[in-house]
2 protein chains.
Amino acid sequence: MGREAIVSSTTAPGSPVALDPEQACPIAPVVDIVFSRWTTPILWALHEYGRQRFVELERRLTTITPKVLTQRLRQLERDGLVVRTYHPEVPPRVEYEISELGRSLAPLFATLAEWSAVNLDQVDQARRDYDARQRGTGRR
Amino acid sequence: MGREAIVSSTTAPGSPVALDPEQACPIAPVVDIVFSRWTTPILWALHEYGRQRFVELERRLTTITPKVLTQRLRQLERDGLVVRTYHPEVPPRVEYEISELGRSLAPLFATLAEWSAVNLDQVDQARRDYDARQRGTGRR
DNA sequence: CCCATTACTTTCCTATAGGTACCTACTATA
DNA sequence: TATAGTAGGTACCTATAGGAAAGTAATGGG
């Protein structure tokens, strides 16, 4: 999600007040941090399967490239959501696990999983209905 | 997020089992539907401020273009999360509101807002710490 | 006539996350 | 020697969501 600064705040009377980004959508920064193609699955895997090595994550998240896995893990480490532990061994041994802060996302993930289980079918159905409608009359 | 089909499922014994996308991250489809640059703020505004016209949303979400607003609203309508109501008037009057299905996202949004309020500062702090560490020693 | 309102539409461009393909370093083992 | 393991690094390319800028249609009012 974008992160540009938006100057607050006024428009003509009677029309909606244009809001600064925090009020426009206070959850935008979290969404930006946690939800993307690979960040979410990485966090999910660490939550689900616990502490593991780079190559374990790589295998588990089958189609991810080492490049992207590295990038995402670095960012997650920087955000404080993941802890990286280096072991001076050969072959190299580096382990990743969810941090305290990262673990605080667990209720959120649970809510998402719940919503997914209960409602995704309805989204699919809505899409089918919408597409059928589009094939009939045009938009009004 | 990507949605490519991944063939399940086996690797050598003792190593993590590569999973199909649903098990790899069951929340990925929801994330794909709900969380993006403009989808999330649109849903948030409709939840927060209720039924409103295109131009009201546009003004509220200050920097969004009519093109993108239209696209996102179309997709949200298609997903069944938003209801569009056309009024045969001049000037044109079209209103958008959250659907039943869309309203079921409210607990999720509340959890996100809560996490945001409580934890974003820690993310900022973690980033500062990480960056300071990077400026000191290199990575080990 | 011009300007205003509303809800879009169209064309072209940009930014960036991710993808592709190759590579490095350091052992350990056959 | 080659191959294996691990954790990455580098250069270039691609796909796509979003951005920029122009436009349309149908009134209504000054």
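Below, chains carry the letters A, B, ... as their sequence lines are ordered, and counting in each starts from 1. Just so it is clear, the structure is predicted and the values come from calculations on it, not from any experiment. Hydrogens, waters and symmetry mates are skipped; everything else that's a heavy atom, side chains included, is used.
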Does [X] have a side-chain nitrogen or oxygen under 4.0 Å from the phosphate oxygens OP1 or OP2 of [N]?
{"X": "B:Y96", "N": "C:dC8", "result": "yes"}
{"X": "A:R59", "N": "D:dA7", "result": "no"}
{"X": "B:S36", "N": "D:dG18", "result": "yes"}
{"X": "B:R84", "N": "C:dC8", "result": "yes"}
{"X": "A:R74", "N": "D:dG9", "result": "yes"}
{"X": "B:R37", "N": "C:dA15", "result": "no"}

Nearest-angstrom distance from the residue atom [atom1] of [X] to [atom2] of [N]:
{"X": "B:E58", "N": "C:dT6", "atom1": "CD", "atom2": "C1'", "result": "10 Å"}
{"X": "A:D32", "N": "C:dA15", "atom1": "CG", "atom2": "C1'", "result": "14 Å"}
{"X": "B:I64", "N": "C:dC8", "atom1": "CD1", "atom2": "C1'", "result": "13 Å"}
{"X": "A:L69", "N": "C:dT20", "atom1": "CG", "atom2": "C1'", "result": "16 Å"}
{"X": "B:H87", "N": "C:dT5", "atom1": "NE2", "atom2": "C1'", "result": "16 Å"}
{"X": "B:E89", "N": "D:dT27", "atom1": "CD", "atom2": "P", "result": "13 Å"}
{"X": "A:Q52", "N": "D:dA7", "atom1": "CD", "atom2": "C1'", "result": "15 Å"}
{"X": "A:L73", "N": "D:dG9", "atom1": "CG", "atom2": "P", "result": "11 Å"}

_Pairs meeting criterion salt bridge (Lys or Arg N to Asp or Glu O under 4.0 Å) with involvement of residues 85-95 of chain B, two or more places apart_ =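 Qualifying pairs, neighbours excluded: B:R51-B:E95, B:E89-B:R93, B:R93-B:E95.
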*Contact list for residues 111-122 of chain B, test salt bridge (Lys or Arg N to Asp or Glu O under 4.0 Å), sequence neighbours left out*: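 Pairs touching residues 111-122 of chain B that pass the test: none.
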*Taking atom types as modelled, is there a side-chain donor on A:R74 or A:Q71 under 3.5 Å from an acceptor on the other?*
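Not at all, the side chains of A:R74 and A:Q71 share no donor-acceptor pair under 3.5 Å.
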Using residues 99-108 of chain A as the side-chain source, report each donor-acceptor pair under 3.5 Å to any protein atom, sequence neighbours left out, with the distance given to one decimal.
from: A:S99; atom 1: OG; to: A:G80; atom 2: O; distance (Å): 2.6
from: A:S99; atom 1: OG; to: A:L81; atom 2: O; distance (Å): 3.1
from: A:S99; atom 1: OG; to: A:L101; atom 2: N; distance (Å): 3.3
from: A:S99; atom 1: OG; to: A:G102; atom 2: N; distance (Å): 2.9
from: A:E100; atom 1: OE2; to: A:R103; atom 2: NH1; distance (Å): 3.3
from: A:R103; atom 1: NH2; to: A:I98; atom 2: O; distance (Å): 3.1
from: A:S104; atom 1: OG; to: A:L101; atom 2: O; distance (Å): 2.4
from: A:S104; atom 1: OG; to: B:W115; atom 2: NE1; distance (Å): 2.7

*From the options C:dA7, D:dG5, D:dG18, select the nucleotide whose nearest atom is closest to the side chain of B:R53.*
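The answer is C:dA7, which lies nearest to the side chain.
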*Proximity to the side chain of A:R72 - top-ranked nucleotide from C:dC8, C:dG18, C:dT6*: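 Ranking C:dC8, C:dG18, C:dT6 by closest atom to the A:R72 side chain puts C:dG18 first.
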*Tell me what A:T65 touches on the nucleic acid: a base, only sugar-phosphate, or nothing, going by heavy atoms under 4.0 Å.*
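Base contact.
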*Can you name the salt bridge (Lys or Arg N to Asp or Glu O under 4.0 Å) partners of A:R78, sequence neighbours left out?*
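Scan of A:R78 (salt bridge (Lys or Arg N to Asp or Glu O under 4.0 Å), adjacent residues dropped) gives B:D131.
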*asked:* Taking the side chain as everything from C-beta on, heavy atoms only, tell me whether A:I27 gets closer than 4.5 Å to B:W44.
replied: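 Counting from C-beta outward, A:I27 and B:W44 do come under 4.5 Å.
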*Could you say whether B:T70 or A:V68 is positioned toward the 5' end of DNA chain C, judged by the nucleotide with the nearest heavy atom to each?*
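Looking at DNA chain C, the more 5' nearest nucleotide goes with B:T70.
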*asked:* Report for the helix from C:dC1-D:dG30 to C:dA30-D:dT1: angle between first-end and last-end helix axes, five pairs each, rounded to 10 degrees.
replied: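 The angle, to the nearest 10 degrees, is 30°.
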*Tell whether A:K67 reaches the base of C:dG19 with its side chain through a donor-acceptor pair below 3.5 angstrom.*
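Looking at the base of C:dG19, it does pair with a donor or acceptor on the side chain of A:K67 (distance under 3.5 Å).
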*Judged by atom type as modelled, is there a donor-acceptor pair below 3.5 Å linking the side chain of B:R84 to the main-chain atoms of B:L73?*
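It does not hold such a pair.
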_If you assign B:P66 and B:Q71 each to the DNA chain D nucleotide with the nearest heavy atom, which residue ends up on the more 5' nucleotide?_
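Going by which nucleotide is closer to the 5' end, it is B:Q71.
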*By side-chain contact (heavy atoms from CB on, under 4.5 Å), which residues pair with A:P66, not counting sequence neighbours?*
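In terms of side-chain contact (heavy atoms from CB on, under 4.5 Å), with neighbours along the sequence ignored, A:P66 is linked to A:F54, A:E58.
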